[in-house]
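Presented below is the structure to which this report refers.
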Number of protein chains: 2
Amino acid sequence: MDTNYVRYEQPGVTVDLVIFTVSEEKLKVMLVKRASQPFSGCWSVPGGFLRKDESLEDAAFRVLEEKAGVKKVYLEQLYTFGKPDRDPRDRIITVTYIALIPWKSLAQPVSKNVIDVAWFSVDDVPDLAFDHREILDFAVQRLRAKAGYSSIVYGLLPERFRLSDLQKIYEIIMNQKFDKRNFRKRMLATGLLQETGAKDMTGAHRPAMLYEFKKRELVFFD
Amino acid sequence: MDTNYVRYEQPGVTVDLVIFTVSEEKLKVMLVKRASQPFSGCWSVPGGFLRKDESLEDAAFRVLEEKAGVKKVYLEQLYTFGKPDRDPRDRIITVTYIALIPWKSLAQPVSKNVIDVAWFSVDDVPDLAFDHREILDFAVQRLRAKAGYSSIVYGLLPERFRLSDLQKIYEIIMNQKFDKRNFRKRMLATGLLQETGAKDMTGAHRPAMLYEFKKRELVFFD
DNA sequence: CCAAAAGTGTTATTGATACACCCATGC
DNA sequence: GCATGGGTGTATCAATAACACTTTTGG
């Protein structure tokens with residue numbers, strides 16, 4: 001950084017979130033319907049202006065709580081978008097984040113005003129405001145790539161889960177089937193899974209062992 | 001993004017660059033000595049304020065040309081840092097980039113005023129201004145990680161190079177030795193290398209085949 | 001006893017690693 | 001002719017992929 005440069009008109013700074021969950025065998029993203037100009041009435045990913053004395057990450061968690069009503073979830077910075085014309089009115093740069101929410105954490109209606117917040121399957125989204133389509137595509141690509149070499153998918157699972165739940169999440173995100181025996185071998189070999197004593201007793205079939213993820217904060221690469 | 005929020009005082013936006021090269025068997029980073037407050041006289045990574053009607057990437061390329069005098073080099077966005085107190089005077093958020101420059105592209109003195117621009121080995125850097133130490137560490141970590149699963153290292157090589165040059169770059173970045181035969185097998189198996197007819201005739205030994213990288217824009221993951 | 005998902009091993013294939021000698025040139 | 005780095009193949013080991021049947025529960 002170098003303060004020698006003339007400090008031209010500074011852009012506005014926002015934080016936008018691509019919030020994912022998995023339900024009904026689909027990877028879904030949370031979208032909100034814009035109430036104000038520009039793009040009034042258009043769907044967009046949730047976001048907000050960065051506030052004074054608030055870090056970027058704090059802003060992201062604030063938006064997450066406002067829109068999704070959840071607190072402790074997986075959050076990672078995605079990318080910063082700043083083309084001069086990405087907002088038709090002001091110069092705005094936006095720092096984007098990916099958030100992952102286990103579907104079970106969303107038992108409540110997503111927002112009091114249910115009409116303007118909804119989940120869409122990522123391969124069936126409406127037209128989006130600003131460059132949000134580009135942001136969403138970038139986020140999906142990152143999530144799919146990281147699923148292959150990191151433990152990111154655990155952000156989409158509840159505290160305790162069956163190995164078949166884990167496999168289903170992988171299959172939905174990576175859009176491919178895995179062999180059950182090889183999958184289980186591979187997952188157990190990572191050493192990241194811990195058996196809980198408990199078993200899942202729902203369903204008219206043999207009960208499944210419930211596992212938990214050992215280190216919920218761990219991610220392997222950037 | 002949601003313009004319902006009160007738009008509080010907006011922070012300044014800068015672009016900072018971690019510029020890497022390899023020379024003298026070391027991974028090196030370009031640092032500049034600050035001429036003005038705050039941190040006057042302190043080393044820092046080069047950067048500057050984002051200008052009106054300039055994209056983030058354009059700003060990064062501008063800084064790159066101003067400080068390093070190079071145009072077409074590998075550039076990738078690293079991370080955006082925005083803690084409220086990271087600049088002691090103003091609220092500044094900085095979008096950081098990694099740039100890679102082949103040492104050979106830097107035949108000219110790095111800057112007209114050579115006293116305030118210098119290359120430091122990444123494991124022997126002085127105290128840095130602001131949070132630039134954190135930025136640098138983050139960049140080194142990213143570079144090392146990506147060297148393992150992408151073709152990023154080609155940004156540090158000239159147009160034409162020997163396989164032994166490629167191997168040396170990998171060894172320096174990843175800080176480990178590789179077996180020559182296995183290394184060459186692996187590299188040729190990627191299909192990203194193309195033989196040029198030419199041979200390197202410098203040195204009192206058998207001439208080496210010169211290769212070039214097929215797709216200089218390709219990167220595997222984010 | 002039937003339906004539904006859980007759980008479990010072995011073989012074949014592929015990719016990664018370890019390792020040592022001859023070659024072409026300049027001086 | 002010698003010093004210097006360039007160039008090459010095989011055998012072992014580890015990781016991944018293919019593949020089918022038995023178990024436990026609820027209804």
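First the proteins, then the strands, lettered A, B, ... as listed; each starts at 1.
- Rounded to a whole Å, the CG atom of L210(A) is 12 Å from the C1' atom of dA6(C).
- Cation-pi geometry between R186(B) and F178(B) is met: under 6.0 angstrom from the ring centre, within 45 degrees of the axis.
- Atom P of nucleotide dG5(D) and atom CD of Q167(B) are separated by 14 Å, given to the nearest angstrom.
- To the nearest angstrom, C1' of dA18(C) lies 17 Å from CZ of F183(B).
- A straight line from CZ of R184(B) to C1' of dG9(D) spans 14 Å, rounded to a whole angstrom.
- Between L166(A) atom CG and dG7(C) atom P the separation is 13 Å, expressed in whole Å.
- Scored by the side chain to side chain donor-acceptor pair (under 3.5 Å) test, E134(B) finds no partners at all (sequence neighbours excluded).
- Atom C1' of nucleotide dG6(D) and atom NZ of K168(B) are separated by 13 Å, given to the nearest angstrom.
- Residues passing the ring-ring contact (aromatic ring centres under 6.0 Å, His included) test with Y211(A), sequence neighbours excluded: none.
- Between V22(B) and the choices I101(B), L157(B), I169(B), L100(B), the side chain to side chain contact (heavy atoms under 4.5 Å, CB included) rule is met once, by I169(B).
- In this structure, D165(A) does not pair ionically with K168(A), as no charged nitrogen and carboxylate oxygen lie closer than 4.0 Å.
- Regarding contacts with the backbone of dG5(D), every side-chain N or O of S164(B) stays at 4.0 angstrom or more from both OP1 and OP2.
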Summarise how protein sits on nucleotides 17-27 of chain D as a single string, 5' to 3': B when a protein heavy atom is under 4.0 Å from the base, S for sugar-phosphate-only contact, - for no contact. BBBB--BBBS-
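- Straight-line distance from the NZ atom of K177(B) to the C1' atom of dA18(C): 17 Å, rounded to whole Å.
- Salt bridge D58(A)/R62(A): absent, no basic N to carboxylate O contact under 4.0 Å.
- The NZ-P distance, from K199(A) to dA4(C), rounds to 22 Å in whole Å.
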